[in-house]
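As structure tokens, the structure follows; a few thoughts come after it.
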Amino acid sequence: MSDVSVRFAPSPTGSLHIGGARTALYNWLYARHCGGKFLLRIEDTDKERSTPENIRIILDGMRWMGLDWDGEPVMQSERIGIHRPLIERLIDEGGAYRCTCTKDELDAKREAAQAEKRKYLYDRKCRDAGHGPDCGEHVVRLKMPVEGEIVVKDLILGDVTFNAAELDDWIIARSDHSPTYNFVVVADDHDMGVTHVIRGNDHLNNTPKQLVVYQALGFDIPAFAHIPMVHGPDGKKLSKRHGASAVTELREMGLLPEAVRNYLARLGWSHGDQELFTDAELIEHFDVANVNASATVMDFAKLEWINQQKILAMTPDALAERLLPYLIERGYSVEAGPWLTTLAANIQERFKNLVEMADHVRYFFEEPSAYDEAAVKKWFKADTGAILNEIADGLEALDPFDEAGIEGVINGVVEKHETKLGKVAQPIRIAVTGSSISPGIFETLALLDKERSVARIRKAAAHATQHQAEKQG
RNA sequence: GUCCCCAUCGUCUAGUGGCCUAGGACGUCGGCCUUUCACGCCGGUAACGCGGGUUCGAACCCCGCUGGGGACGCCA
């Protein structure tokens, strides 16, 4: 057991974003790789957005992703008690001070700065005023170094240098005494024993501020790793427009969580030329220090390809199990068993995701409501009606109704008419499934059963005859 | 605007000064296989943003430019 501890700290604003999921994944992989702890902290101090429902959504997302965390999730809102004394201590020790500047005053200065196209920085008016606890309404500000450099040592980016002159004495406690984010993060990370802070690149600018808190409080400074952002194909922040932005949508797209893990891990990280990884391989090889520094673009086509590879790698039994919920969702009456496993085996290498599969197999549960027009036009010829009826006759007499027998019947008809299998198989496929796409025709008929196969073929025979008559007339 | 980060095929990447006439994967295009759809197989297309250095030698090191992204709250 190593002493590495990492954490994922989402704020429950509605959904687990794909970018957030990747951050969580990298933390999880790194923790598992090191044999350390993966902690979860819900940053729920924003009363507006942090609803129990939103928290549930995040947790569900994490579970779906298969990212199991160690211990109970830490609710930031329940830890206010540990922050107050820390702030008092900082004031006492001179690392922070009370500031009585009003919001209006500050807003005016900010606007003035913007008007002059200057960067706004608090002017440190109260820094040396020595306001006591009874100075009235006030905030607490951190005394940042006035000059010099603050260097963030980052595992991915190397040393990132900030000029102290760019940073002002920011607020660590609001006028209602509640601590602000950049302060709380440090307090909580330290309290939770976090050794490696792995988070999105958008937090890089917060890091120098936090570094000063660590120093002022005398805390050990953790290692930092700022991972690049995930963008949509247009280079902008990933959003719903790009296909999906929340992990729940990934499930709705019929994607497997292991495929998502594989894809997201490979997005910004690599291990030679390897594309496909089991979770064990990911854990074995992943190191956050090897994550690329540049931003990435989400490619759903490649995600789907990986998903397909995962489907191909499964046993039919496992696939059946994964497919079942999607089937039930569609209202099909079906249960796990040999029949479903055979079905899974037959569609396994034909579709890229579970949704396509579930949608496709509809004809096993409901009679096709119509025939695909283009398919009918292409395959229903003058003798199709007769051939279909012959097939139906042959199948009706078949016992047992199995693939070998079905193949015998169909091949017999093919030979008799001196035609090709394709010319006969396609009309049957249309008859049975409504379209010209399905698994092998013998397997499909066997899976469907004799009664339904024969009935559908006879019905199509009638349709073919009528179709032909209409063409003539 | 200021600060910070980034920069190899359309996309994800390999590459850490000579092994690069830049490799792999997805996509795309062409072909084979084939009862449809797929799977599979074969082949093609396509990149070191630009300009200066450093060096015998630069995709790799340095500087500038350009381009993209992010951050600039009493939000997290």
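Chain naming here is simple, since letters A, B, ... match the order of the sequence lines and numbering starts at 1 in each.
Rounded to whole Å, the distance from CZ on Phe277(A) to P on rA25(B) is 14 Å. Straight-line distance from the NZ atom of Lys209(A) to the P atom of rC3(B): 16 Å, rounded to whole Å. When the P atom of rG24(B) is taken as reference, atom CG of Leu276(A) falls 17 Å away, rounded to whole Å. One can place NE2 of His271(A) at 11 Å from P of rG15(B), the figure rounded to the nearest angstrom. Note: CG (Asp168(A)) to C1' (rC74(B)) measures 13 Å, nearest angstrom. Rounded to whole Å, the distance from CG on Asp107(A) to C1' on rC72(B) is 15 Å. Rounded to an integer number of Å, the gap from Leu121(A) CG to rA71(B) P is 18 Å. Following rounding to the nearest Å, Leu421(A) (CG) and rU35(B) (P) show an atom-to-atom distance of 6 Å.
Position along RNA chain B of the nearest nucleotide to Ala301(A) versus Trp269(A) favours Trp269(A) as the more 5'-ward residue. Mapping Gln114(A) and Arg266(A) onto RNA chain B by nearest heavy atom places Arg266(A) closer to the 5' end of the strand.
Using modelled atom types and a 3.5 Å distance limit, the side chains of Arg174(A) and Ser178(A) yield a donor-acceptor pair.
In this structure, Glu275(A) reaches the bases: a heavy-atom distance under 4.0 Å links it to at least one base atom across the strands shown. Counting non-hydrogen atoms under 4.0 angstrom, Gly268(A) reaches the backbone sugars and phosphates but no base. Counting any heavy atom pair closer than 4.0 Å across all strands shown, Cys99(A) reaches no nucleic acid atom. At the heavy-atom level, Thr13(A) lies nowhere under 4.0 Å from the strands shown. Within 4.0 Å of Ile441(A), counting heavy atoms only, lies at least one base atom of the nucleic acid. Among the heavy atoms of the strands, none lies under 4.0 Å from Lys420(A).
A donor N or O paired with an acceptor N or O is found under 3.5 Å between the base of rC74(B) and the side-chain atoms of Ser175(A). Put simply, the side chain of Asn201(A) and the base of rG70(B) share no donor and acceptor less than 3.5 Å apart. Donor-acceptor pairing under 3.5 Å, judged by distance alone, is absent between the side chain of Arg350(A) and the base of rC39(B). Scanning atom types as modelled, one donor and one acceptor separated by under 3.5 angstrom connect the side chain of Arg429(A) and the base of rU35(B).
Neither OP1 nor OP2 of rA71(B) sits under 4.0 Å from any side-chain N or O of Asn206(A). OP1 or OP2 of rC39(B) has at least one side-chain nitrogen or oxygen of Gln308(A) nearer than 4.0 Å. For rA14(B), the OP1/OP2 oxygens have a side-chain nitrogen or oxygen of Ser270(A) closer than 4.0 Å.
Using a cut-off of 4.0 Å between Lys/Arg side-chain N and Asp/Glu carboxylate O, Asp168(A) and Arg124(A) are scored as not salt-bridged. For Lys103(A) and Glu105(A), the salt-bridge test fails: no basic side-chain N is under 4.0 Å from an acidic carboxylate O. Salt-bridge formation is not detected for the pair Glu367(A)/Arg452(A): no Lys NZ or Arg NE/NH1/NH2 atom is positioned less than 4.0 Å from an Asp or Glu carboxylate oxygen. For Asp169(A) and Lys143(A), the salt-bridge test fails: no basic side-chain N is under 4.0 Å from an acidic carboxylate O. At a threshold of 4.0 Å, the pair Asp188(A)-Arg7(A) does not count as salt-bridged, since none of the basic side-chain nitrogens sits closer than that to a carboxylate oxygen.
With both pairing distances under 3.5 Å, rG30(B) is matched to rC42(B) as a Watson-Crick or G-U wobble pair. Judged by Watson-Crick or G-U wobble contacts below 3.5 Å, the nucleotide rG18(B) has rC56(B) as its partner. In a base pair of the Watson-Crick type (N1 to N3 plus N6-O4 or O6-N4) or a G-U wobble (N1-O2 and O6-N3), with each distance short of 3.5 Å, rA71(B) is matched with rU2(B). Across the strands present, rU36(B) finds no partner; the criterion is a Watson-Crick or G-U wobble pair with both atom distances under 3.5 angstrom. Across all strands shown, rU11(B) pairs with rA25(B); the Watson-Crick or G-U wobble distances both stay below 3.5 Å. Within the shown strands, rG64(B) is the pairing partner of rC50(B) under the Watson-Crick or G-U definition, both distances less than 3.5 Å.
Minimum atom distance to the side chain of Val160(A) is reached by rC5(B), of the listed rA76(B), rG70(B), rC5(B). Proximity note for Phe442(A) (side chain, C-beta onward) versus rC12(B), rA76(B), rU35(B): the nearest is rU35(B). Picking from rG70(B), rA38(B), rC6(B) the nucleotide with the shortest atom distance to the side chain of Asp202(A) gives rG70(B). Among the nucleotides rG24(B), rC74(B), rC3(B), the one closest to any side-chain atom of Asn205(A) is rC3(B). Nearest to the side chain of Asn292(A), among rC4(B), rU13(B), rG27(B), sits rU13(B). Checking rG69(B), rU35(B), rA38(B) against the side-chain heavy atoms of Gln426(A) singles out rU35(B) as nearest. Listed nucleotides: rC74(B), rG69(B), rU11(B). Nearest to the side chain of His231(A): rG69(B). With rG73(B), rC75(B), rU36(B) as the candidates, the nucleotide lying closest to the side chain of Arg174(A) is rC75(B). Listed candidates were rC6(B), rC39(B), rC4(B). Nearest to the side chain of Ala293(A) is rC6(B). For Arg110(A), the side-chain atoms get nearest to rC74(B) when compared with the rest of rC74(B), rC4(B), rA25(B).
Look at the P atom in both rG18(B) and rA59(B): the space between them is 11 Å, to the nearest Å. rA25(B) and rG43(B) have their P atoms separated by 11 Å, given to the nearest Å. Of the C1' atoms belonging to rC60(B) and rA47(B), the separation is 15 Å, rounded to the nearest Å. The P atoms of rG67(B) and rG51(B) are separated by 16 Å, rounded to the nearest whole Å. Comparing rG68(B) with rU8(B), their P atoms are spaced 15 Å from each other, to the whole Å. Here the separation of rA7(B) from rC50(B), taken at their C1' atoms, is 12 Å to the nearest Å. Separation of the C1' atoms belonging to rC74(B) and rG69(B) is 28 Å when rounded to the nearest angstrom. Using atom P as the reference point in both rG40(B) and rG49(B), the two lie 33 Å apart (nearest Å).
Within the cation-pi definition used here (under 6.0 Å to the ring centroid, within 45° of the axis), Arg141(A) does not qualify as a partner of Tyr97(A).
Enclosure of atom CD in Glu116(A) by more than 12 non-hydrogen atoms of other residues, nucleotides or ligands within 6.0 angstrom is indicated.
When the options Val247(A), Ile306(A), Leu354(A), Leu303(A) are evaluated for a side chain to side chain contact (heavy atoms under 4.5 Å, CB included) with Leu255(A), the one that passes is Leu303(A).
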